[in-house]
Amino acid sequence: MPASPAVTAALLSWYDRHRRALPWRAVGGAEPDPYAVWLSEVMLQQTTVAAVKGFYARFLALWPDVAALAAAPREAVLKEWAGLGYYARARNLHDCAAAVVERHGGRFPRTETELRALPGIGDYTAAAVAAIAFGEVATVVDGNVERVMTRLHAVETPVPAARPEIRRLTAALVPRARPGDFAQATMDLGATICTPRSPACAICPLTASCAARAAGTQALYPRKLPRKAVPRRFGAMAVVERADGAVLVRTRPSKGLLGGMTEFFGSDWGPAAPAASEMAEASGAALERVGQVEHVFTHFALTLDVYRGRSRSGAAPEGCRWVGPAQLAREPIPNAFAKVWDAAAGGTASAVVPVAADGLGLVGLE
DNA sequence: TACTCGTGGCC
DNA sequence: TGGCCAAGAGT
């Protein structure tokens with residue numbers, strides 16, 4: 001399949017002048033570190049560059065290579081991932097590191113097929129690591145590439161049904177010489193020029209070849225089917241203290257929503273929040289309601305009534321445990337529950353632990 | 001195929 | 001304010 005020299009050349013030329021400087025990118029033609037490429041690609045799944053940068057730096061400092069990450073305790077990996085979202089990625093990341101050590105002697109395999117067989121590596125990440133880290137001629141298709149290609153060719157089929165067509169269109173443009181740069185160029189273009197809203201067509205290197213631009217319809221692509229409305233659920237969560245200042249927590253089931261993460265004592269989530277008396281009885285504590293927090297997950301919104309109080313007996317309800325401040329700081333607490341902590345701590349001046357605001361919450365636990 | 005699975009920023 | 005969006009994977 002012959003490449004399209006004009007579009008590919010224009011894109012690579014633009015990339016050579018305007019590529020973004022990102023921490024995980026090798027500089028000056030240096031060899032990319034496959035571990036760094038893989039780690040960044042997993043973190044970047046459905047996640048913005050801005051959100052990833054701090055997490056990436058901390059992971060690389062704590063675990064500089066795949067063997068170090070494989071040897072880390074699972075709880076430590078989850079704790080460092082807390083706040084980044086999609087926690088199955090953290091579990092798969094850890095499993096993948098172990099698999100690379102066990103199956104491949106601690107070196108990432110270089111082919112798309114071998115990479116694809118590892119935990120947490122799907123079609124996109126396998127192609128991206130193969131192309132960027134190893135120079136394999138792989139077709140990398142992410143959300144940016146979809147947007148660029150559907151505009152370039154005015155693809156009328158909505159995604160995800162258009163994926164096979166988008167893949168063919170992309171594959172026809174991949175150069176044998178610089179497949180990794182081509183992939184990153186297309187993604188950089190999608191992130192900075194061919195953006196979802198208000199694309200900067202006037203300064204786009206592909207504007208002369210773009211079918212949507214010629215028709216003035218660039219904003220219509222990629223075509224998408226309407227989504228369903230997100231339902232709302234209600235529940236309650238309580239920050240319960242023991243006399244010595246320990247707090248009641250429990251670990252969520254290892255799979256599913258926020259799998260393996262730590263939560264405070266709480267109710268199930270459903271059409272209505274439980275009554276205050278119900279929460280008090282189940283927790284064995286005298287509770288006061290201190291507020292409400294709102295959190296929007298991908299497919300539902302959650303409203304939690306927040307309670308705070310002191311245990312009467314010091315007994316932990318079934319499945320719960322007491323943790324002191326030092327241990328609490330090591331717990332993997334997702335942002336949804338960090339909001340609960342903040343609301344409980346901010347409820348009165350006599351909050352157990354002072355809370356500052358650093359944008360990540362839980363500063364009072366450090 | 002269609003659903004599950006976080007979070008923050010944007011307009 | 002709320003819907004949309006972001007370098008997707010697993011089931």
Side-chain angles (χ1 to χ4, degrees), chain A residues 19-20 22-25 36-56 78 81-93 95-96 115-129 131-133 138-148 158-161 163-164 170 180 182-192 194-199 219 222 224-232 252-261 263 293-302 332-339 359-361:
Chain A
R19 56 178 283 173
R20 291 178 291 174
L22 298 173
W24 42 87
R25 282 187 176 166
V37 173
W38 161 74
L39 178 62
S40 68
E41 290 300 343
V42 173
M43 287 186 167
L44 287 163
Q45 290 165 5
Q46 295 290 286
T47 309
T48 59
V49 166
V52 163
K53 281 183 176 173
F55 288 86
Y56 174 81
L78 281 179
W81 199 276
L84 194 55
Y86 284 138
Y87 298 100
R89 292 186 297 175
R91 305 191 297 269
N92 288 330
L93 186 87
D95 290 343
C96 184
L115 288 162
R116 182 67 179 81
L118 292 166
I121 298 187
D123 291 340
Y124 163 77
T125 304
V129 173
I132 296 169
T139 301
V140 179
V141 182
D142 76 327
N144 289 304
V145 177
E146 280 187 4
R147 191 166 55 254
V148 170
V159 288
R163 298 245 158 93
T170 308
F182 175 80
Q184 295 180 92
T186 315
M187 292 190 281
D188 273 19
L189 189 77
T192 64
C194 195
T195 52
R197 284 173 301 213
S198 305
K224 294 190 176 179
L225 297 177
R227 326 183 155 182
K228 289 195 300 186
V230 300
R232 178 168 296 278
R252 294 177 59 83
S254 59
K255 293 184 178 181
L257 184 75
L258 304 173
M261 304 297 282
E263 63 185 358
V293 300
E294 175 75 21
H295 193 80
V296 181
F297 295 98
T298 306
H299 55 292
F300 70 94
L302 177 65
I333 298 176
N335 282 4
F337 305 142
K339 289 181 185 178
L360 287 177

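We name chains A, B, ... by the order of the sequence lines, and we start the count at 1 in each one. Predicted model, so just to flag it, every value in this text is computed and none were measured.
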Name the closest nucleotide to the [X] side chain, picking from [options].
| X | options | result |
| --- | --- | --- |
| A/P196 | B/dC5, C/dA6, B/dT7 | C/dA6 |
| A/H299 | B/dT7, C/dA7, B/dT4 | B/dT4 |
| A/W24 | B/dC11, C/dA7, B/dG6 | C/dA7 |
| A/R197 | C/dA6, C/dG8, B/dC11 | B/dC11 |
| A/T298 | B/dG6, C/dA6, C/dA7 | B/dG6 |
| A/R116 | C/dA7, C/dG10, B/dT7 | C/dG10 |
| A/K224 | C/dC5, C/dG10, B/dG6 | C/dC5 |
| A/N92 | C/dG10, B/dT7, B/dC5 | C/dG10 |
| A/R89 | B/dT7, C/dA7, B/dG6 | B/dG6 |

*Can you see which heavy atom on A/I333 is nearest to which on A/A82, and at what distance?*
O-CB, 3.6 Å
*Under 3.5 Å donor-acceptor pair, A/T47 side-chain atoms to B/dG8 base atoms*: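 Per atom types, no contact qualifies.
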For the pair made of [atom1] in [X] and [atom2] in [N], what is the distance, rounded to whole Å?
| X | N | atom1 | atom2 | result |
| --- | --- | --- | --- | --- |
| A/R163 | C/dA9 | CZ | P | 10 Å |
| A/Y87 | C/dA9 | OH | C1' | 17 Å |
| A/L257 | B/dT4 | CG | P | 11 Å |
| A/R232 | C/dG3 | CZ | C1' | 13 Å |

Just checking [X]: base, sugar-phosphate only, or nothing, at a heavy-atom cut-off of under 4.0 Å?
| X | result |
| --- | --- |
| A/A336 | sugar-phosphate |
| A/P160 | nothing |
| A/T125 | sugar-phosphate |
| A/R20 | base |
| A/G256 | sugar-phosphate |
| A/L302 | nothing |
| A/K228 | sugar-phosphate |
| A/I121 | sugar-phosphate |
| A/V230 | nothing |

*A/Y124 and A/E41: side chain donor to acceptor below 3.5 Å*: yes
*Does the side chain of A/N144 pick up a donor-acceptor pair with the side chain of A/R147 at under 3.5 Å?*
yes
*asked:* I'd like to know if the side chain of A/R91 reaches the main chain of A/G259, judged simply by a donor and an acceptor atom lying under 3.5 Å from each other, with no hydrogens or angles considered.
replied: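 Yes; at least one donor-acceptor contact below 3.5 Å.
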*Can you check whether A/T192's main-chain N or O pairs, donor with acceptor, with A/T195's side chain at less than 3.5 Å?*
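Here the side-chain-to-backbone pair does not exist.
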Side-chain N or O of [X] closer than 4.0 Å to phosphate OP1/OP2 of [N]:
| X | N | value |
| --- | --- | --- |
| A/R147 | C/dA7 | yes |
| A/Y86 | B/dT4 | no |
| A/Q45 | C/dG8 | no |

*Heavy atoms, side chains only, cut-off 4.5 Å: are A/L258 and A/F337 in contact?*
yes
_Counting the benzene-type ring for Trp, do A/F297 and A/H295 have ring centres under 6.0 Å apart?_
yes
*Between C/dA7 and B/dC5 - P atom distance, rounded Å*: 23 Å
